[in-house]
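Here is the structure we will look at, set down as structure tokens.
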Amino acid sequence: MFRRLTKTFSRPKLCYLIKNNNLGGSFSNYRSIVPLSTTNLALKDEKVTVTFVLNDGKSLETQAKIGDTLLDVVVNNDLNIEGYGACEGTLTCSTCHVILKQEDYDRLPEEPSDEERDMLDLAYGLTDTSRLGCQITLTKDLDGLVIQVPETINDARS
Amino acid sequence: MTLKVVKAVRRTISSACKKNLQVCIVGAGPAGFYAAMHLSKNVQNVNLDIIEKLPVPFGLIRYGVAPDHPEVKNVINQFTKVAKQPNVNFYGNISLGKDIHLRQLREHYDAVLLTYGAEKDRLLGIENEDAQNVISARNFVGWYNGHPSEQNLKIDLSSKTAAILGQGNVALDVARILYTPIDDLRKTDITECALSSLAESKVRELYLVGRRGPLQVAFTIKELREQLNLKNCQTVWRENDFDNIEDTVPHLPRPRKRLTELMLKSFKQGNVLDDCSKYKIFKPIFFRSPKKFLINTDKQVTGVLLACNKLHGDNWVTQKCLATDDTEILNCGLVFRSIGYTSVQADNELSFDNGVVPNDKGCVLDDNSEDKLAKLYVAGWLGTGPVGVILHTMGNAFQVAKVMCDDLKNVKHDKRDGFSAISRIMNSDQIVDWNGWERINKYEIEQGQSKGKPREKICNVNKMIEVAKCNDMLIE
């Protein structure tokens with residue numbers, strides 16, 4: 001039965017409902033309609049596990065909603081990553097820089113846009129598998145994703 | 001009930017055992033707020049006082065970031081969260097070196113962190129630099145962003161040709177603000193005064209003059225991309241400036257490579273100007289250093305004498321630029337000097353060298369430190385020099401705050417009174433606190449609403465204080 005509910009309120013339909021109820025498409029509004037019990041259950045099913053590995057070696061494992069970006073995950077779960085997401089996902093800073101494993105990088109549905117690359121070019125410790133957290137949207141496939149959060153300072157700088 | 005008693009007792013005991021550490025941060029810009037973010041989270045029993053020369057917070061986020069980049073200013077939300085913590089205080093309209101002296105801060109706090117940035121414009125040091133319409137980019141940026149000390153800027157935008165000396169992001173901000181269609185600017189928080197001047201601007205040909213070559217530009221790719229995509233604007237590069245550049249591209253690190261490729265792409269597209277009158281022209285030129293400003297009898301600028309430079313050396317990072325005997329005249333009636341910022345020595349007891357406060361990982365190097373004086377730290381541009389984007393300032397501020405966290409565990413001197421001692425020394429009537437800023441903020445947003453702008457900034461310190469002190473405007 002739950003499965004059917006999940007199907008009924010799958011994400012595209014949910015978004016459709018939100019938009020047509022004039023609740024706006026932003027994620028803050030998205031959360032405000034969750035109390036509707038069926039959607040709540042449906043959303044519960046749609047969670048994945050994500051682990052952020054910080055530069056001091058500490059790991060933060062958390063449950064994340066499918067459809068959220070990695071920046072949303074950090075903000076919504078109040079993860080203690082200092083200064084993360086200064087521009088709030090508007091592609092004008094690189095404070096949400098993350099480094100992915102090659103296989104994870106390769107399986108992301110979209111390549112980084114020019115604008116994302118422009119910002120990454122300013123990040124410290126840029127790698128070939130660097131992305132901005134605000135541009136990675138979680139899908140079911142990404143369950144168990146492990147992401148490295150690089151140092152925000154360049155220690156090599158004199 | 002019992003729980004309450006236990007809590008109260010515990011609180012009394014803990015406050016008796018652990019003294020409250022008093023930390024003063026001078027300068028409420030990004031460096032100050034990022035340091036406060038780290039300190040408030042990582043030091044127990046700390047009270048943080050952020051003092052600021054202006055009545056309003058956020059420094060270059062408010063007065064440096066271009067009005068058409070509102071997204072960059074979102075970081076204000078993070079800073080506001082920091083300021084609203086119970087152990088963080090904002091005290092605006094206090095000027096270090098005038099209202100309060102560094103020694104006094106060091107006597108009454110356990111640690112003092114200076115983050116007051118780089119507020120002065122660097123000078124070229126050439127002939128006629130004081131001519132009319134030779135404008136400091138810093139002043140121009142402050143002017144259109146509503147900085148109270150820049151509102152008397154005299155700028156004449158009636159010349160068809162203008163030149164910007166320098167090729168950093170500030171130079172590109174100046175260019176973009178000059179060329180952005182005025183109706184787009186009307187939707188930003190640019191001041192009304194700047195809007196009406198810019199609406200009358202006659203500038204249609206704008207040079208961006210660089211000392212070195214395309215491989216050494218200081219602007220970043222996002223700003224260049226925006227400039228190249230500007231409506232009604234054509235970018236025209238000089239034919240020979242890109243000689244041999246293409247061969248170098250494959251060997252460049254990724255950021256420099258992508259930036260250079262973008263310039264090359266625009267260069268190769270050529271300049272098919274079917275109808276010149278339709279476009280404003282943007283002309284970056286390289287290998288030219290200003291030698292002197294040319295003026296008329298009224299001491300107005302009429303042009304710039306440029307020395308032609310050659311780069312020496314093979315490596316693009318270490319290439320040296322040397323002037324040849326060749327010169328060139330660039331005729332223009334308006335010049336912006338945008339060659340960087342420099343800090344000021346706010347207090348004469350502060351060690352100061354080469355435009356920065358000398359430091360080791362943020363600890364200020366001063367020999368005559370007495371035991372009773374609090375340790376002094378520096379973060380942001382005042383310590384690193386005025387380079388880098390907000391990310392770099394953030395990293396530096398966190399790094400310095402980390403050092404402070406460790407030091408604060410071993411503070412040896414007696415308990416300090418912090419701001420209560422300071423407010424006894426100075427006239428505290430004029431201080432604007434966070435509630436005062438919230439009143440200003442609310443007022444500015446309201447003033448902007450009727451014009452369809454996110455805010456209309458108050459550009460006058462007295463008016464700011466008046467609004468901040470207005471008691472009948474209650475904030476929730």
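Below, each value reflects all heavy atoms present in this structure, side chains not excepted, and no hydrogens, waters or symmetry copies. Every chain is numbered from 1 and lettered A, B, ... according to where its sequence line falls, protein lines coming before strand lines.
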**Request:** Measure distances from B:Lys41 to the heavy atoms of chain A and classify the residue's part below 4.5 Å as side chain, backbone, both or neither.
**Result:** side chain
**Request:** For each of A:Glu115, A:Met119, A:Arg117, tally heavy-atom pairs with chain B at distances under 4.5 Å, and name the one with the top tally.
**Result:** A:Arg117
**Asked** Does B:Phe58 have its ring centroid less than 6.0 Å away from the ring centroid of B:Tyr63?
**Response** no
**A:Asp114, part contacting chain B, at a heavy-atom distance under 4.5 Å** = both
**Message:** Under 3.5 Å, is there a donor on one side chain and an acceptor on the other for A:Asp72 and A:Thr69?
**Reply:** yes
**Request:** Tell me, yes or no, whether the heavy-atom count around A:Glu103 atom CD, taken from other residues, nucleotides or ligands under 6.0 Å, exceeds 12.
**Result:** yes
**Request:** Please look at B:Arg254 and chain A and tell me whether the side chain, the backbone, both or neither of the residue comes under 4.5 angstrom of a heavy atom of that chain.
**Result:** both
**Item:** Side chain, backbone, both or neither of B:His69 within contact of chain A (heavy atoms, under 4.5 Å)
**Value:** neither
**Fill in**
For B:Asn396 and B:Gly380, the nearest pair of non-hydrogen atoms, with its separation, is OD1-N, 2.7 Å
**Asked** A:Asp121 and salt bridge (Lys or Arg N to Asp or Glu O under 4.0 Å): which partner among B:Arg258, B:Lys222, B:Arg225?
**Response** B:Arg258
**Message:** Does A:Gln63, at its CD atom, have more than 12 non-hydrogen atoms belonging to other residues, nucleotides or ligands within less than 6.0 Å?
**Reply:** yes
**Item:** Contact class of B:Asn42 relative to chain A, heavy atoms under 4.5 angstrom
**Value:** side chain
**Item:** Part of B:Val72 within contact of chain A (heavy atom distance under 4.5 Å)
**Value:** both
